[in-house]
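Taking it in order: structure first as structure tokens, then the write-up.
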Amino acid sequence: MAEANKIFTVGLLGGDRAGISTLLDFIAGVAKRGGAGGRTGYGCEIRMKGVELRLVETHLRDF
């Protein structure tokens, strides 16, 4: 029986102009080159060995 994929979501919290979007763009670019993910509407995804890591951009003003 195949093991189900594990999905983890990590929120990157920061203020405006903290560089979160730039960081997510860089990580998504590296993942895309390796065929392991890319940029999404909410952040980026990285998929490797049955694990999916979702990085989500959040801001202090949203709280």
Side-chain angles (χ1 to χ4, degrees):
M1 183 171 182
E3 187 175 323
N5 286 345
K6 296 178 178 95
I7 300 172
F8 298 95
T9 303
V10 177
L12 301 176
L13 178 65
D16 289 335
R17 303 188 48 82
I20 297 172
S21 295
T22 304
L23 176 63
L24 288 174
D25 287 339
F26 177 78
I27 292 171
V30 171
K32 187 176 182 179
R33 279 193 304 262
R39 195 78 154 114
T40 62
Y42 56 82
C44 73
E45 291 181 346
I46 303 168
R47 295 176 299 278
M48 294 181 82
K49 298 184 179 182
V51 175
E52 183 175 320
L53 179 62
R54 296 177 179 172
L55 302 174
V56 180
E57 181 176 357
T58 57
H59 294 276
L60 291 171
R61 71 174 183 273
D62 295 337
F63 290 97

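Along the sequence shown, residues are numbered consecutively beginning with 1.
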Taking only residues two or more places apart in sequence or in another chain, which ones pass side-chain hydrogen bond (donor to acceptor under 3.5 Å, both in side chains) with Ser21?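 Applying side-chain hydrogen bond (donor to acceptor under 3.5 Å, both in side chains) to Ser21 gives Glu57.
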
For Arg33, side-chain hydrogen bond (donor to acceptor under 3.5 Å, both in side chains) partners two or more places apart: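 Partners of Arg33 under the side-chain hydrogen bond (donor to acceptor under 3.5 Å, both in side chains) test: none.
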
Locate the shortest heavy-atom distance separating Glu45 from Ala31; write the atom from each residue and the value.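 Smallest heavy-atom distance, with atoms named: O-CB, 4.2 Å.
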
Which atom pair, heavy atoms only, marks the closest approach of Thr58 to Leu13?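 Closest approach of Thr58 to Leu13: OG1-CA, 3.4 Å.
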
Quick check: do [X] and [Y] have side-chain heavy atoms less than 4.5 Å from each other?
X: Leu24; Y: Leu12; result: yes
X: Leu53; Y: Leu55; result: yes
X: Val10; Y: Val56; result: no
X: Ile27; Y: Ile46; result: yes
X: Arg39; Y: Asp25; result: yes

Residues, nucleotides or ligands: over 12 heavy atoms within 6.0 Å of Tyr42 OH: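 Yes.
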
Taking 4.0 angstrom as the limit, do Glu52 and Arg47 come out as a salt bridge?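 Answer for the salt bridge query: no.
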
Going by salt bridge (Lys or Arg N to Asp or Glu O under 4.0 Å), name the residues that satisfy it together with Arg61, two or more places apart in sequence or in a different chain.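 For Arg61 the salt bridge (Lys or Arg N to Asp or Glu O under 4.0 Å) partners, ignoring immediate neighbours, are Asp16.
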
